[in-house]
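Worksheet: the structure to be examined is printed underneath.
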Amino acid sequence: LYTGLILFTLIWIAPVYSTLITSVRTLDDIRINGFWSIPSEITLSNFSTAWVDGNVRRYALNSFIITLPALAGMLFLSSLSAYALAKFRFRGNRLIYFMYVGGMLLPFQVLMLPVFRLTNAIGLYDTYAGLIAFHIAFQLGFCTFVLRNFMIGVPDEILEAARVDGCSEFRNYWQMMLPLTKPAFAALATLQFTWIFNDYLWAIVLLRRDALKPVTAGLASLMGQYVTDWPLLVAGSLIATLPTLLVFLFLQRYFIAGLTLGSNK
């Protein structure tokens, strides 16, 4: 058992080790000795070069410009719809809920051409707003599904007592329901931040200008047609992983809880 675990651990660590070593080497050293050799020279200049000359600082800023508004928008809108579906009984309630669940089962690859044409037709192609709007819309089903199942567990008596005291419905949602669903919000925020920040496909589908690209798509521009500066590219990739790594380290328990949140009735 331990032999198998050690073997799998070494297999998992191998690319991580290669990445860390490559980021502090020179391109000439790799060309001469190969990726897996012991480096003959160690340098940290690749990180500063990637940050400044590789424009990673601009790409990282673009990632935050896209991720934070999309995260806020999807949590706010999904919490509204989840509150309505969880605490109100009306005709079509189940139908709307199943539409959200059905949307989660739709492979996102089939949406590439329709979304591209739609954003181009309404003038949102190659803009921050187009990519932010897509992330909000596409993740709305999953967030509503999770929050709705969580809100169902909140006792109706709490909300009824607030209504008797004259609390409006929106205030009931804002001051009563949201504080009680903080664990679900934290788990969703952690998951969604990681997913959106690491998105690559939709960044290259909906954005054309290099100045607007997030860090995942921007790093691709560091690859040359014939020659690629691998230490520079790997150093930029490591910088790009820091935000999601820090979010995971500080909110690890919420991230793990989010993997199963909403799966139980």
Side-chain angles (χ1 to χ4, degrees), residues 19-20 23 44 46-80 108 111-112 115-116 119 123-144 146-147 178 182-223 232-259:
T19 301
L20 294 175
S23 66
L44 298 177
N46 294 322
F47 293 95
S48 58
T49 303
W51 182 255
V52 179
D53 298 338
N55 213 19
V56 172
R57 58 181 177 179
R58 178 61 195 178
Y59 297 141
L61 178 61
N62 290 339
S63 292
F64 283 106
I65 292 175
I66 294 168
T67 303
L68 296 181
L71 185 63
M74 73 176 63
L75 289 178
F76 176 67
L77 294 177
S78 62
S79 63
L80 285 173
F108 63 87
L111 300 175
M112 292 176 59
V115 169
F116 170 76
T119 54
L124 290 179
Y125 176 69
D126 199 29
T127 63
Y128 287 132
L131 188 55
I132 291 171
F134 171 80
H135 282 306
I136 292 175
F138 189 75
Q139 299 295 340
L140 199 59
F142 175 74
C143 293
T144 300
V146 171
L147 290 176
L178 290 190
K182 278 185 179 179
F185 259 87
L188 272 179
T190 308
L191 287 171
Q192 295 298 335
F193 179 90
T194 304
W195 292 344
I196 298 173
F197 197 92
N198 290 331
D199 172 67
Y200 173 75
L201 176 64
W202 293 106
I204 61 175
V205 171
L206 299 180
L207 295 176
R208 181 183 63 219
R209 284 178 290 172
D210 191 64
L212 300 180
K213 291 180 179 179
V215 68
T216 48
L219 286 172
S221 63
L222 298 180
M223 298 183 64
L232 182 67
L233 179 62
V234 172
S237 301
L238 288 176
I239 295 174
T241 63
L242 284 179
T244 52
L245 181 62
L246 292 175
V247 168
F248 177 78
L249 289 177
F250 284 107
L251 300 174
Q252 183 177 4
R253 62 190 181 100
Y254 294 115
F255 186 91
I256 295 173
L259 298 178

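Below, all heavy atoms of this structure are taken into account, side chains as well, without hydrogens, waters or symmetry copies.
- Here the CG-OH distance, from Asn62 to Tyr128, works out to 3.5 Å after rounding to the nearest 0.5 Å.
- The OG1 atom of Thr194 lies 12.5 Å from the CG atom of Asp199; values are rounded to the nearest 0.5 Å.
- Atom OG of Ser63 is separated from atom CG of Leu61 by 8.5 Å, given to the nearest 0.5 angstrom.
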Before giving the answer on side-chain contact (heavy atoms from CB on, under 4.5 Å), spell out for Asn198 and Thr244 the whole-Å C-alpha distance, their side-chain angles and the decisive distance to 0.1 Å. CA-CA 8 Å; Asn198 290 331; Thr244 52; 3.7 Å; yes

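- Here the CH2 atom belonging to Trp202 is positioned 12.0 Å from the CG atom belonging to Leu207, to the nearest 0.5 angstrom.
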May I have the step-by-step check of side-chain contact (heavy atoms from CB on, under 4.5 Å) for Val215 and Val56, ending in yes or no? CA-CA 7 Å; Val215 68; Val56 172; 4.2 Å; yes

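- Of all heavy-atom pairs spanning Ala211 and Arg58, the tightest one is O-NE, 3.5 Å.
- Legend: salt bridge (charged side-chain N to carboxylate O under 4.0 Å, His left out) pairs involving residues 201-220, not counting sequence neighbours, sorted by first then second residue: Asp126-Arg208, Asp126-Arg209.
- Between Phe138 and Trp195, the distance separating the two ring centers is not shorter than 6.0 angstrom.
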Could you give me the CA-CA distance, side-chain angles and deciding distance for Val234 and Ser23, then say whether side-chain contact (heavy atoms from CB on, under 4.5 Å) is met? CA-CA 5 Å; Val234 172; Ser23 66; 4.0 Å; yes

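- Rounding to the nearest 0.5 angstrom, the gap separating the CZ atom in Phe193 from the CG atom in Leu75 is 12.5 Å.
- Listed for the Thr67 side chain is no donor-acceptor partner under 3.5 Å among the backbone atoms of Phe64.
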Ile239 vs Phe47, test: side-chain contact (heavy atoms from CB on, under 4.5 Å). Steps then yes/no. CA-CA 8 Å; Ile239 295 174; Phe47 293 95; 4.0 Å; yes

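- Here the closest non-hydrogen pair linking Ile136 and Gly73 is CD1-CA, 3.9 Å.
- The two atoms that bring Ala184 and Leu147 nearest to each other are CB-CD2, 3.8 Å, heavy atoms only.
- To the nearest 0.5 Å, atoms CG (Leu201) and CG (Leu206) are separated by 8.5 Å.
- In terms of heavy atoms, Leu140 sits closest to Ser78 at CD1-N, 3.5 Å.
- For the residue pair Phe197 and Ala240, the shortest heavy atom distance occurs at CE2-O, 3.5 Å.
- Considering Ile132, Ile196, Leu188 in turn, Ile196 is the only one that fulfils the side chain to side chain contact (heavy atoms under 4.5 Å, CB included) rule with Met74.
- At least one side-chain heavy atom of Val115 sits under 4.5 Å from a side-chain heavy atom of Phe134.
- Across all their heavy atoms, Leu238 and Thr19 have their closest contact at CD2-CG2, 3.7 Å.
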